[in-house]
Amino acid sequence: MRNAEIANHIAELGTLYEIDGANRFRVIAYKEAAQVIRDAPGSIAEMAKAGTATSLQGIGETIQEKVLALLEEGEIPAARKLKAKYPATLVEVTKIPGLGAKTVRRLYDELGISSLEELEAAAVEQRIRVVRGLGAKVEENVLAELGKLGAGGPKERRLLSEILEVGGELVAALRDSPASDRVELAGSARRRAETCKDIDIVATAADAKALAEVLLRHPLADERGAAGSGGARIVTHNGISVDLRIVPPEEFGNLLQHFTGSKEHNVALRERAQKMGLSVSEHGITDVESGEVTRCDDEIAVYGRLGLAYIEPELRHGGREIAQAAAKELPELIEVGQIRGDLHSHTTLSDGRNSLEEMAAAARGRGYGYLAITDHSATHGFGNDVQPDQLRRRIEEIATYNASAPKGFRLLAGTETNILPDGGVDYGDELLGELDWVVASVHTSFRQGEKKLTDRIISAIEHPLVDCIGHLTGRLLLKREPYDIDVERVIEAAAETGTMLEINGSPRRRDIKEGYARIAAEAGVRIVVTTDAHGAETLANIAYSVATARRAGLGPDQVANSRPWRTFAPLRKRAKQ
DNA sequence: GCCGTTTTCGGCCCGACTGTTTTCAGTCG
């Protein structure tokens, strides 16, 4: 069973307990455990069976046992009991923003509302207002939220690329205003998360109200909230909520830190602070005993006051980064400027939009020393395949290009070969042997089942001429689940054979994800950050690949293509034949 | 239910906002 499914069961049980009126910390424990399970890179099912799930912060013996019961019986006994007491559809009702478990329980007890349909009827008939403490506004809110639910409202998550495009434009407009002083993008976008729900911007201003007006009058704004000296809120035409907060310069660091999150990171930070007799909020850090407040104009001061080294936004997961910062043992993170070449790109020979020369020019423009051209292989289909004789001609073209290429730059002759359903790859060994670089990826038959698919990828890994596995898990963010594979077994095989793993920088892939990247790097697998560029402009997607590497805590030593070609080339499996 | 440079018991982040209410509980990020 997948982590996401297990997490849903644990979260549902938490909500059922909450409806039942359980101790709130117990409820919080279930919700946190669900989040930990959802974010865990390895298989929770396997860990629970081995009894090691309790090694994760937030999972204890009790929840591990509940996971085991879920795996064995397909249901958690405690959840079964509670569902006998409350209709299962009651959990759905708590998903309406503004309605928590307490309110939902009262609606059930007093009005018999147990589903979204009954909730809607009660709101329409104005029956909700008879419950003490609830009024007409609640009915209005319920109907509005039910409407959004049907329309797939503004609460849906977006790809980071979409958020950065809109957020970047708004931040630029705010910075351009003479009313502004400092303006920064905060929130999950600043942490370079895979997907984001909304945009948070924090600022200081010479004229706060005027700056808030800049946001409200921006052409991207559709719905507008009120502008005040504290900030403003809009919803863009494409449905993204944007929140601007403005504070005095002396507490800008506190505000930026707070609204960068993550929530889990902030909670962990405040727990640490509490033990030091300090209380942290977005306005400052208070010494509880003396009442003295420290306001920080930058984040370095915030972390410094708590005895911590500055923590890069990408590392703020709420995990081990705080202990590392306390011990001054934070990893040095890879930067985009340290990347010396890209190892996954396409041209018009397969499904790319630009020619060999155009891709090469773009790579040189980025200051790269090398670019691997890895068009799709012979069985790719969709009319985008490259037959063996075409690939041979391509190798010659690349040799010709390199013969007159500017000093310090070379194209690499490569391929992104399909991993065939039986684990074989396209092209014979002789042709593969003539290439500089071979990426192997799964593009078809990805519903073979875990065992078969894992074995299939491992046989590609064991191929002596396969240098790297492309987009290992095949997921498409917000669209397609990863293939059903045993990633840990794949990582083991990659480590044994010296096969590299890619972090694909397409913003809809980010594959492998940060948790796997960390495990792989720790197992000694060399990681390459690539773009899978299908056009010259998408070479810029290296920023997303690097973002995932940074979130994994990887430094230049672990990212192989931070090396120049001279020292990268010998790391390839083929170089060791 | 989880967890431990105060703790194996007794705690568990902080503040803003909302809608309702005359001082606050619930919800959210």
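Naming convention: chains lettered A, B, ... in sequence-line order (proteins, then strands); numbering from 1 in each chain.
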Peer 1: So do the side chains of A:L278 and A:T286 get within less than 4.5 Å of each other, counting heavy atoms only?
Peer 2: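 Contact flag for A:L278/A:T286 side chains = no.
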
Peer 1: For A:L99, answer base if it contacts any base atom (sugar-phosphate contacts may also be present), sugar-phosphate if it contacts only those atoms, and nothing otherwise; contact means non-hydrogen atoms under 4.0 Å.
Peer 2: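 Contact class for A:L99: sugar-phosphate only.
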
Peer 1: For the side chain of A:E118 and the backbone of A:S114, is there at least one donor-acceptor N/O pair under 3.5 Å apart?
Peer 2: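 Yes; judged by distance alone, with no hydrogens or angles, the pair exists.
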
Peer 1: Which nucleotide, in any strand shown, forms a Watson-Crick or G-U wobble pair with B:dT8, with both distances under 3.5 Å?
Peer 2: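 Answer to the pairing question: none, since B:dT8 forms no Watson-Crick or G-U pair.
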
Peer 1: Please report the distance separating the C1' of B:dG10 from the corresponding atom of B:dG15, rounded so that it comes out in whole Å.
Peer 2: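 Each nucleotide's C1' atom is 25 Å from the other's.
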
Peer 1: Of the candidate nucleotides B:dC2, B:dG19, B:dG29, which contains the atom at the shortest distance from the side chain of A:V138?
Peer 2: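 Comparing B:dC2, B:dG19, B:dG29 against the side chain of A:V138, the answer is B:dG19.
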
Peer 1: Taking the side chain as every heavy atom from C-beta outward, state whether A:L160 and A:E194 have any atom pair closer than 4.5 Å.
Peer 2: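 Not in contact.
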
Peer 1: For B:dC2, take OP1 and OP2 only and decide whether either is under 4.0 Å from a side-chain N or O of A:T62.
Peer 2: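 It does, given that an N or O in the side chain of A:T62 lies less than 4.0 Å from OP1 or OP2 of B:dC2.
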
Peer 1: Check A:R190 with A:E312, please: is the shortest side-chain N to carboxylate O separation under 4.0 Å?
Peer 2: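 Answer for the salt bridge query: no.
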
Peer 1: When the C1' atoms of B:dC13 and B:dC28 are compared, how many Å lie between them, rounded to an integer?
Peer 2: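 It comes out at 14 Å once rounded to the nearest Å.
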
Peer 1: Check the distance between B:dC17's C1' and A:R245's CZ and give it to me in whole angstrom.
Peer 2: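 Value for this atom pair: 11 Å.
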
Peer 1: On DNA chain B, nearest-nucleotide positions of A:L278 versus A:T94: which is more 5'?
Peer 2: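 It is A:L278 whose nearest nucleotide is closer to the 5' end.
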
Peer 1: B:dC2 and B:dT6: how far apart are their P atoms, nearest whole angstrom?
Peer 2: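 Here B:dC2 and B:dT6 have their P atoms 23 Å from each other.
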
Peer 1: Is A:E450 paired with A:R2 through a side-chain N to carboxylate O contact shorter than 4.0 Å?
Peer 2: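 Here A:R2 does not pair with A:E450 in a salt bridge, since their nearest N and O are not under 4.0 Å apart.
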
Peer 1: Among B:dG4, B:dC14, B:dC2, which nucleotide sits nearest the side chain of A:S281?
Peer 2: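 For the A:S281 side chain, the nearest candidate turns out to be B:dC14.
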
Peer 1: Taking B:dC14 as the reference, what is the distance to B:dC9 when you measure between their C1' atoms (whole Å, please)?
Peer 2: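 One C1' to the other, the span is 25 Å.
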
Peer 1: What nucleotide among B:dC13, B:dT27, B:dG1 has an atom nearest to a side-chain atom of A:R270?
Peer 2: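 Ranking B:dC13, B:dT27, B:dG1 by closest atom to the A:R270 side chain puts B:dC13 first.
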
Peer 1: How about A:P331 and A:Q324: do any of their side-chain heavy atoms sit closer than 4.5 Å?
Peer 2: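 In short, these two side chains touch, coming nearer than 4.5 Å.
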
Peer 1: In this structure, how many angstroms lie between the C1' atom of B:dC14 and the CZ atom of A:F259, rounded?
Peer 2: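 The distance from CZ of A:F259 to C1' of B:dC14 comes to 11 Å, rounded to the nearest Å.
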
Peer 1: For nucleotides 5-12 of chain B, list the nitrogen or oxygen atoms of the protein found under 3.5 Å from its nitrogen or oxygen atoms, one pair per line.
Peer 2:
none

Peer 1: Could you tell me if the side chain of A:E169 sits less than 4.5 Å from the side chain of A:L220, heavy atoms only?
Peer 2: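 The answer is yes; the side chains approach within 4.5 Å.
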
Peer 1: Establish, with yes or no, whether the OP1 or OP2 oxygen of B:dC13 is under 4.0 angstrom from a side-chain nitrogen or oxygen of A:K263.
Peer 2: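 Answer no for this pair, as no side-chain N or O of A:K263 is under 4.0 Å from OP1 or OP2.
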
Peer 1: Map A:G100 and A:T286 onto DNA chain B by nearest heavy atom, then report which one ends up closer to the 5' terminus.
Peer 2: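 Residue closer to the 5' terminus by nearest nucleotide: A:T286.
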
Peer 1: For the pair made of CG in A:L56 and P in B:dG1, what is the distance, rounded to whole Å?
Peer 2: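 Spelled out: CG on A:L56 to P on B:dG1 is 18 Å.
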
Peer 1: Please determine, for the side chain of A:K137, which listed nucleotide (B:dC3, B:dG1, B:dT20) has the closest atom?
Peer 2: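 So the side chain of A:K137 is nearest to B:dT20.
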
Peer 1: Quick check on B:dC14: is either OP1 or OP2 less than 4.0 Å from any side-chain nitrogen or oxygen of A:S279?
Peer 2: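 The answer is yes; a side-chain N or O of A:S279 sits under 4.0 Å from OP1 or OP2.
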
Peer 1: Could you give the CD1-to-P distance, from A:I96 to B:dT18, as a whole number of Å?
Peer 2: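 So the CD1-P distance, A:I96 to B:dT18, works out to 19 Å.
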
Peer 1: What contact category does A:E282 fall into here, base, sugar-phosphate, or nothing, at under 4.0 angstrom with non-hydrogen atoms?
Peer 2: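 The answer is sugar-phosphate, as A:E282 gets under 4.0 Å only of primed atoms, P, OP1 or OP2.
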
Peer 1: Any ion pair linking A:E184 and A:R175 (charged N to carboxylate O, less than 4.0 Å)?
Peer 2: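 Yes.
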
Peer 1: Counting C-beta onward and ignoring hydrogens, is there a side-chain heavy-atom pair between A:L255 and A:Q257 closer than 4.5 Å?
Peer 2: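 With C-beta onward as the side chain, the pair stays apart.
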
Peer 1: Give A:I59 one of three labels, base, sugar-phosphate or nothing, depending on what nucleic acid heavy atoms sit under 4.0 Å from its own.
Peer 2: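 Contact class for A:I59: sugar-phosphate only.
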
Peer 1: Just checking A:A268: base, sugar-phosphate only, or nothing, at a heavy-atom cut-off of under 4.0 Å?
Peer 2: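 The answer is nothing, as A:A268 stays clear of every strand by at least 4.0 Å.
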
Peer 1: Mind checking the C1' distance from B:dC17 to B:dC12? Whole angstroms is fine.
Peer 2: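 Roughly 24 Å separates the two C1' atoms.
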
Peer 1: Please report the distance separating the P of B:dA16 from the corresponding atom of B:dT8, rounded so that it comes out in whole Å.
Peer 2: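 Nearest-Å result for B:dA16 against B:dT8 at atom P: 35 Å.
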
Peer 1: Rounding to an integer number of angstrom, what distance separates B:dT20 and B:dT27 when you compare their P atoms?
Peer 2: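 Pairwise P distance, B:dT20 against B:dT27, rounds to 14 Å.
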
Peer 1: Considering every strand and a 4.0 Å limit on heavy-atom distances, what is the contact class for A:A186: base, sugar-phosphate, or nothing?
Peer 2: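 Touches nothing.
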
Peer 1: Output the single nucleotide from B:dG29, B:dC13, B:dG15 whose closest atom is nearest the side chain of A:H283.
Peer 2: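 From the listed options, B:dG15 comes nearest.
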
Peer 1: Determine the contact category for A:V280: base if any of its heavy atoms lies under 4.0 Å from a base atom, sugar-phosphate if only primed atoms, P, OP1 or OP2 are that close, otherwise nothing.
Peer 2: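 If one applies the 4.0 Å heavy-atom cut-off, A:V280 turns out to touch the sugar-phosphate alone, with no base involved.
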
Peer 1: For A:L255 and B:dG29, give me the distance from atom CG to atom P, rounded to whole Å.
Peer 2: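 It works out to 17 Å between those atoms.
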
Peer 1: Keeping to residues at least two apart or across chains, list the side chain to side chain donor-acceptor pair (under 3.5 Å) pairs with something in residues 41-54 of chain A.
Peer 2: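 Output for this query is empty, none listed.
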
Peer 1: Nearest-Å distance, OH (A:Y17) to P (B:dC2)?
Peer 2: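 Distance, rounded to whole Å: 10 Å.
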
Peer 1: CG of A:L82 versus C1' of B:dG1: gap in Å, rounded?
Peer 2: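 Nearest whole value for this atom pair: 15 Å.
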
Peer 1: For A:R233 and B:dC28, what is the distance between atoms CZ and P respectively, to the nearest whole Å?
Peer 2: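 It works out to 14 Å between those atoms.
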
Peer 1: Measuring from the side chain of A:R132 (C-beta onward, heavy atoms only), which nucleotide among B:dC2, B:dC3, B:dT22 has the closest atom?
Peer 2: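 Ranking B:dC2, B:dC3, B:dT22 by closest atom to the A:R132 side chain puts B:dT22 first.
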
